[in-house]
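Here is the naming used below: chain letters follow the sequence lines, and residue numbers restart at 1 for every chain. We use all heavy atoms of the structure for the numbers below, so side chains are in, but hydrogens, waters and symmetry mates are not. Everything quoted here is computed from the prediction, not taken from an experiment.
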Protein chains: 2
Amino acid sequence: MDLQRIKYFLALSEQLHYWKTAEKVNITQSALSRQIQSLENELGLQLFERNKRNVKLTPAGKFLKEKWEVELSELEYIHQFAKQLHLGERGTITIAHPDSISASLMPDILAMITREFPQLQIKLVQVLYENQLEFLKNYKIDLAITRDINSEPGIRAKKIYSDHLALVVPLEHPFKSFDDLSTESLKQQKFILPTNDGGSSYSEIIQALFKSYDFVPDVFLHSEFGSTIIALVRKGLGIAILPDSYMHHQSPGLRFIPLPFKTDLLINWRADDHNPVLANILKLVFEG
Amino acid sequence: MDLQRIKYFLALSEQLHYWKTAEKVNITQSALSRQIQSLENELGLQLFERNKRNVKLTPAGKFLKEKWEVELSELEYIHQFAKQLHLGERGTITIAHPDSISASLMPDILAMITREFPQLQIKLVQVLYENQLEFLKNYKIDLAITRDINSEPGIRAKKIYSDHLALVVPLEHPFKSFDDLSTESLKQQKFILPTNDGGSSYSEIIQALFKSYDFVPDVFLHSEFGSTIIALVRKGLGIAILPDSYMHHQSPGLRFIPLPFKTDLLINWRADDHNPVLANILKLVFEG
DNA sequence: TTTATTAATGCATATTTTGCATTAATGGAT
DNA sequence: ATCCATTAATGCAAAATATGCATTAATAAA
């Protein structure tokens with residue numbers, strides 16, 4: 001059954017006149033007549049009661065007119081929605097990102113996305129460092145913002161930002177600026193550092209930093225969660241090294257001392273992911 | 001957009017394999033391939049992500065699969081429903097009938113209808129005698145059961161039943177049987193009779209009855225409603241003449257004395273009414 | 001590298017739809 | 001009653017569309 005036929009029927013059911021209707025829908029009266037006939041044959045029922053003079057809906061025709069009007073507009077809506085999915089203007093995307101940028105980079109990115117694609121639904125998740133690529137490969141997330149360079153096949157990555165590292169100390173701490181740092185003074189500090197899992201480029205940078213001062217830090221505690229680390233520093237339990245993106249978090253009682261080391265932020269996605277939503281978001285992130 | 005195409009799409013979206021699907025829907029792989037392509041062109045979007053080896057739904061395709069499945073089954077249901085309307089197995093019909101047969105003939109007719117056409121919706125109404133044909137012509141009712149022969153153009157009628165008239169008296173009344181009736185004894189009675197509107201063949205029969213006893217009745221009250229008349233008779237306010245169909249109403253305290261006069265029941269409908277429901281009901285009423 | 005698998009495509013054929021011209025039925029006017 | 005204007009249906013040829021067969025091109029697996 002062709003939907004066009006149903007549209008012809010609906011037009012005729014309004015006009016109840018073959019000639020006028022035929023003109024309206026841009027076919028000849030002959031074609032219209034036969035379209036209605038085929039529709040009736042296909043359904044095995046009569047839609048119109050007609051003689052050579054008058055056209056009138058049968059009860060079944062009246063019923064179908066009402067129902068089909070609803071169904072056709074429903075289908076119309078569905079098709080428009082699908083078109084938006086196709087164009088990547090609608091849909092859902094799940095993004096994992098590090099805690100550090102939840103008050104700096106993420107708000108910017110999200111504002112940009114909702115400005116360009118207001119219909120997109122975005123799910124933000126925080127994923128443990130070691131799970132990020134696995135979740136990406138298993139379609140649990142579609143986009144991962146990480147601080148690590150990966151070399152997974154099937155995953156593409158691109159740098160989107162670069163953070164300075166900063167030494168985070170309580171306000172009352174004697175370290176006021178970078179000049180106060182020395183091997184001697186650092187040796188006396190207790191450190192709260194990210195979990196050292198060996199593979200993370202972020203950890204490696206921190207290791208390099210300590211190496212440049214040529215000492216092994218006294219690590220009081222490891223945590224994977226930046227917000228945990230900040231809370232502990234504020235309580236005076238130690239000092240930490242974090243990306244200075246954390247400065248954008250509302251953290252009274254803390255001092256960030258910038259260090260001459262940088263940590264990159266990379267955006268990761270499946271190379272074979274053809275979801276148009278992804279393509280739109282990547283384009284937006286890279287090109288503004 | 002042909003619904004058949006959508007069915008092909010749905011089949012392919014299950015199998016995700018052109019050959020197998022083509023076989024299943026009884027066309028060649030070539031035809032299927034092109035049907036899917038036209039569908040994609042028509043919608044202006046991609047339904048499947050495919051290379052020469054694999055077929056996979058796109059997000060839009062996945063969405064449409066779910067929605068179209070629902071819509072198609074909805075349409076299926078609508079078409080079946082319409083078919084039933086066409087066959088007169090579904091639909092609504094409004095029937096007017098006299099109060100007298102609401103406990104005798106009507107239950108029989110209704111039982112018959114619901115047995116044969118359980119999906120039919122029947123509205124029963126009581127319409128004042130003088131409005132019956134007007135309501136029928138104005139499509140307020142579809143079927144009128146009357147006791148009057150009409151000669152309206154456009155209205156067809158057929159006799160379906162014949163009632164005896166009965167004299168209705170309270171149980172304690174001296175009239176016990178037809179033999180107790182005489183001009184003398186009747187002259188002493190107060191009568192409660194139907195409204196005498198002149199045109200009703202029912203009233204005319206009652207007039208003929210009185211004429212056969214050669215007297216003019218002392219009429220205490222006229223009412224168009226049989227149940228009102230019965231209530232008044234039971235209270236001893238007079239005696240009445242009613243079709244003996246009323247015997248089937250639960251009316252303790254009354255005696256029905258059959259009279260040798262008959263009143264016909266006719267069923268009336270619009271001659272040009274092609275509602276299949278009507279045709280079915282008429283057939284049922286006439287042929288059992 | 002080869003092979004088997006599989007979606008797409010060129011082409012001829014079959015089917016369906018369309019438009020033109022005409023027919024047949026019907027309501028209204030004379 | 002009769003004629004006329006209107007209007008839905010229909011025969012026919014042309015156009016558009018769908019189908020099947022055979023082949024091609026791409027690719028994953030052996």
Side-chain angles (χ1 to χ4, degrees), chain A residues 1-58 60-62 65 137 153-154 270-274, chain B residues 1-58 60-62 65 137 153-154 270-274:
Chain A
M1 179 166 333
D2 198 324
L3 293 186
Q4 188 55 49
R5 279 185 180 165
I6 297 182
K7 287 180 187 158
Y8 290 151
F9 162 79
L10 289 178
L12 181 57
S13 75
E14 292 291 339
Q15 298 267 336
L16 296 177
H17 193 292
Y18 275 76
W19 277 32
K20 292 179 192 166
T21 306
E23 195 170 9
K24 201 173 179 184
V25 298
N26 291 314
I27 52 171
T28 56
Q29 174 268 327
S30 153
L32 178 61
S33 174
R34 268 178 272 226
Q35 286 287 339
I36 299 295
Q37 285 174 45
S38 352
L39 195 53
E40 288 183 327
N41 284 336
E42 208 167 352
L43 290 163
L45 53 81
Q46 217 181 325
L47 294 167
F48 296 99
E49 216 179 283
R50 50 203 188 274
N51 48 37
K52 300 264 165 182
R53 198 86 190 161
N54 287 306
V55 181
K56 198 185 131 197
L57 281 167
T58 60
K62 202 170 170 183
K65 169 175 153 57
K137 285 190 142 184
R270 289 179 293 275
D272 67 345
D273 189 340
H274 296 120
Chain B
M1 178 167 331
D2 199 323
L3 293 187
Q4 187 56 49
R5 279 186 182 166
I6 297 182
K7 286 180 188 158
Y8 289 151
F9 162 78
L10 288 178
L12 181 57
S13 74
E14 291 291 339
Q15 298 267 336
L16 295 178
H17 193 291
Y18 275 76
W19 279 31
K20 291 180 193 165
T21 306
E23 194 170 12
K24 200 173 180 184
V25 298
N26 290 314
I27 52 171
T28 57
Q29 174 267 326
S30 154
L32 178 61
S33 174
R34 269 177 271 227
Q35 287 287 334
I36 299 294
Q37 285 174 45
S38 346
L39 195 52
E40 287 183 327
N41 285 335
E42 207 168 352
L43 290 164
L45 53 82
Q46 217 181 324
L47 294 168
F48 295 99
E49 218 179 284
R50 48 204 188 275
N51 48 35
K52 300 266 168 183
R53 199 85 189 163
N54 287 306
V55 181
K56 198 184 133 198
L57 281 168
T58 60
K62 202 171 171 184
K65 169 175 152 60
K137 285 189 143 185
R270 289 179 294 276
D272 65 346
D273 190 339
H274 297 121

Sequence neighbours left out, what passes side-chain hydrogen bond (donor to acceptor under 3.5 Å, both in side chains) with B:Gln4? Give chain and number order.
none
Rounded distance (Å) that lies between atom P of C:dA14 and atom CD1 of B:Ile27:
19 Å
A:Lys56: which residues meet the salt bridge (charged side-chain N to carboxylate O under 4.0 Å, His left out) condition with it, sequence neighbours left out?
none
Those residues at least two apart in sequence (or on a different chain) that pass side-chain hydrogen bond (donor to acceptor under 3.5 Å, both in side chains) with B:Ser33 are B:Gln37
B:Ser33 side chain, from C-beta outward: closest of C:dT18, C:dT9, D:dT19
C:dT9
Residue pairs fulfilling salt bridge (charged side-chain N to carboxylate O under 4.0 Å, His left out) with at least one residue in residues 1-13 of chain A, sequence neighbours excluded
A:Arg5-A:Glu42
Interatomic distance where CG belongs to B:Leu12 and C1' belongs to C:dT6 [whole Å]:
12 Å
Please report the distance, rounded to the nearest Å, between OH in A:Tyr18 and C1' in D:dA9.
9 Å
Members of residues 36-46 of chain B that approach DNA chain C, where some heavy atom sits under 4.0 Å away:
B:Gln37
Hey, what do you get for NZ (A:Lys62) to OG1 (A:Thr58), rounding to the nearest 0.5 Å?
10.5 Å
In terms of side-chain heavy atoms of B:His17, which of D:dA8, C:dT6, D:dA18 is nearest?
C:dT6
Going by the side chain to side chain donor-acceptor pair (under 3.5 Å) test, which pairs reach into residues 17-28 of chain B, not counting sequence neighbours?
B:Tyr18-B:Arg50
Take the protein atom CG of B:Leu32 and the nucleotide atom P of D:dT19, then report the distance between them rounded to whole Å.
10 Å
B:Leu16 CG - C:dT6 C1' separation (whole Å):
14 Å
Whole-Å distance separating the CG atom of B:Asp272 from the C1' atom of C:dG27:
15 Å
5' to 3', nucleotides 21-30 of chain D under a 4.0 Å protein heavy-atom cut-off (B base, S sugar-phosphate only, - none) gives B---BBBS--
Whole-Å distance separating the CD atom of B:Glu23 from the P atom of C:dT6:
12 Å
Does NZ belonging to A:Lys65 count more than 12 external heavy atoms closer than 6.0 Å?
yes
Partner set under salt bridge (charged side-chain N to carboxylate O under 4.0 Å, His left out) for B:Lys137, not counting sequence neighbours
B:Glu152
Does anything in residues 21-42 of chain A form a ring pair (Phe, Tyr, Trp, His ring centres under 6.0 Å)? List the pairs, not counting sequence neighbours.
none
Please report, rounded to the nearest Å, how far the C1' atom of C:dT16 is from the CE atom of A:Met1.
16 Å
